[in-house]
Amino acid sequence: MTEVILALDVGTRDAAVSIAEKTGPYLDAIKIGYPLVLAAGLTIADELSAGGLPLIADFKVADIPNTSRLIAEEVFSHGFSGIICHGFVGRDSVLACVDTAHDHGGECYVVTEMSHPGAVDFFHGGIAERIAALVCETGADGIIAPATRPERTQMLRTLIGTRKILSPGVGAQGGDPSAIAGIVDGIIVGRAIYESADPAGAAQQYAQFRSLRGTNPHLPYPLRE
Ligand code: BMP
C-alpha cells in the first residue's frame with residue numbers, strides 16, 4: 001500500500017487538531033515540522049501522537065553528530081515515530097539520527113533530493129546518488145525523494161532497493177499522484193489537503209492512490225508487504 005502522509009504545516013494548534021481529526025480516517029501518518037512546532041510548541045506532537053497515527057518529525061536535521069543526536073533524543077521523547085534528516089551533512093551526522101531513532105524503536109528518513117525547482121542546483125550532478133549510497137551504508141530506513149520528478153525518484157529506487165521512499169510535492173507543487181504512487185511507499189501531501197474547503201474529502205481522494213504501490217511497470221523492485 002502506498003501510504004498517505006499529511007504534511008500538517010498549519011499555523012495554530014486548533015487548526016492542527018481539527019484537520020488531523022477530520023482527515024485522520026484517510027491517513028497513514030502525519031508529518032509536522034517547523035511551521036507548526038514553532039507556532040504551537042513541541043507539545044502539539046504529544047497531542048497529535050495521542051490520536052494514534054504515526055507522527056514524523058520533519059526538522060530536516062543537518063548538524064554535527066552531537067547536536068543531531070540531541071535533537072533526535074528530544075523528538076523521540078515527544079511521541080514521534082520517525083525523524084527526517086539531511087544527507088549532505090555526511091555519514092557521522094546521518095548515523096547519529098539513524099542510531100538514535102533505532103534506539104527508540106523509530107525510523108529515520110534522509111532527504112536525498114528535494115522537490116522544489118531550485119533543488120536541481122545542488123542535488124543533481126551525483127549528489128543525490130551519493131546520498132542514496134549513504135542511506136544504504138548507515139542503515140537508514142528510507143529517503144525523501146521528489147514527486148515532482150518521478151524519473152529521478154525511480155532512479156533513486158534502483159539505488160536504495162526496498163528501503164522506503166516518502167515523496168513530497170504532490171498537489172500544490174504540481175506532482176501527479178498517479179505518476180508517483182506506483183514507485184514509492186508514501187506520498188506526502190500538505191496544502192492540497194489542509195487548504196482544501198473539504199480537507200476530509202481531499203484526503204479521501206488521495207487515499208485512492210494507496211492501491212498503486214508497486215504498479216510501475218518499469219520498475220521490477222521486490223515489494224515489501
Ligand atoms: P505541500 O504539499 O503543501 O507542498 O507540502 C509539502 C511538504 O513536504 C512540506 O512540509 C515541505 O516542507 C515538505 N517537503 C517538500 O515539499 N519537499 C522536499 O523535498 C522535502 C520536504 O520535506
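Counting convention: from 1, in listed order, for ligands and their atoms alike. Basis for what follows: all heavy atoms, side chains included, without hydrogens, waters or symmetry-related copies.
At under 3.5 Å, not a single nitrogen or oxygen of H116, backbone or side chain, sits near a nitrogen or oxygen of ligand 1. Remark: ligand 1 and G190 share an N or O pair separated by less than 3.5 Å (distance only, no angle test).
The heavy atom nearest to atom 20 (C) of ligand 1, considering only P168, P35, S167, is found in P168. With atom 10 (O) of ligand 1 as the reference point, the heavy atom nearest to it among D9, L6, V170 is part of D9.
Close contacts between ligand 1 and R191 involve ligand atoms 1 (P), 2 (O), 3 (O), 4 (O) [criterion: under 4.0 Å to a heavy atom]. Those atoms of ligand 1 that come under 4.0 Å of a heavy atom in M114, given as number and element, are 18 (C), 19 (O), 20 (C).
Between E107 and K164 a salt bridge is recorded (basic side-chain N to carboxylate O distance below 4.0 Å). A salt bridge does not link D92 to R69: none of the charged nitrogens lies less than 4.0 Å from a carboxylate oxygen.
The protein heavy-atom contact nearest to atom 7 (C) of ligand 1 is A7 CB, 3.7 Å. The protein heavy atom nearest to atom 6 (C) of ligand 1 is Q173 NE2, 3.6 Å. Distance from atom 11 (C) of ligand 1 to its nearest protein heavy atom, with residue and atom name: K31 NZ, 4.1 Å.
Side-chain N or O atoms of D141 include none that pairs as donor or acceptor with a backbone N or O of Y109 at under 3.5 Å. With hydrogens and angles ignored, the 3.5 Å screen pairs a side-chain donor or acceptor of T112 with a backbone N or O of V110.
Taken from CG in L6 to OH in Y194, the straight-line distance is 9.0 Å, to the nearest 0.5 Å.
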Exercise. Run the side chain to side chain contact (heavy atoms under 4.5 Å, CB included) check on H86 and I131 step by step: do they pass?
Worked result: CA-CA 9 Å; H86 265 301; I131 296 175; over 6 Å; no

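Proximity of K60 to ligand 1, defined as any heavy-atom pair under 4.0 Å, is confined to the side chain (atoms from C-beta onward). By the criterion of a heavy-atom distance under 4.0 Å, the side chain of D58, and not its backbone, is placed next to ligand 1. When heavy-atom distances to ligand 1 are checked against a 4.0 Å cut-off, S115 comes that close through both its backbone and its side chain.
A donor-acceptor pair shorter than 3.5 Å cannot be found between the side chains of S196 and D198. Between the side chains of S115 and Q173, at least one donor N or O sits under 3.5 Å from an acceptor N or O.
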